[in-house]
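First up is the structure itself, then whatever we jot down about it.
Side-chain atoms are counted along with the backbone in the values below, which use heavy atoms only and exclude waters and symmetry mates.
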Amino acid sequence: MNGIAEQLFVFWHWRLPSISWGALAIVSGKLLVTVLSSYLLYVILFRTLRTAFRRLDRDIFLVTLNVSAYPALTTFTLVCLRLTTQTTEMT
């Protein structure tokens, strides 16, 4: 076979690697923890702190929260997902 035919053969006959139910349960559990902790962080940042900062006289706290909340939430979620994939590869 030539190069293109080999690549097409490999592409069409590619299969997902087999994964055990135990590993799937571990990954699902870690993803659930990531989702729940991200939601908790969202509630803390956008509900609790925003309400507390609106009661203060200075607006700098609210401006800082508005600027940094989404990047902090995104960074937290991506780091958790990265840690999930790293520990899954080790098992």
Could you list the donor-acceptor pairs under 3.5 angstrom formed between side-chain atoms of residues 58-67 and any protein atom two or more places apart in sequence or on another chain?
{"from": "Thr64", "atom 1": "OG1", "to": "Ile60", "atom 2": "O", "distance (Å)": "2.7"}
{"from": "Asn66", "atom 1": "OD1", "to": "Arg50", "atom 2": "NH2", "distance (Å)": "2.9"}
{"from": "Asn66", "atom 1": "ND2", "to": "Leu62", "atom 2": "O", "distance (Å)": "3.3"}

Give the intermediate values and the outcome of side chain to side chain contact (heavy atoms under 4.5 Å, CB included) for residues Leu40 and Leu36.
CA-CA 6 Å; Leu40 180 66; Leu36 292 177; over 6 Å; no

Closest heavy-atom pair and its distance - Ala69, Leu45
O-CD1, 3.8 Å

What distance do Phe76 atom CZ and Leu78 atom CG have between them, rounded to the nearest 0.5 Å?
11.0 Å

Are Val33 and Leu81 in one and the same hydrophobic cluster, where Ile, Leu, Val, Met, Phe, Trp and Tyr link if side-chain heavy atoms are under 4.5 Å apart?
no

Atom CG in Leu73, atom OG1 in Thr77: separation rounded to 0.5 Å?
4.5 Å

Parallel, tilted or perpendicular: ring planes of Tyr42 versus Tyr39, cut at 30 and 60 degrees
parallel

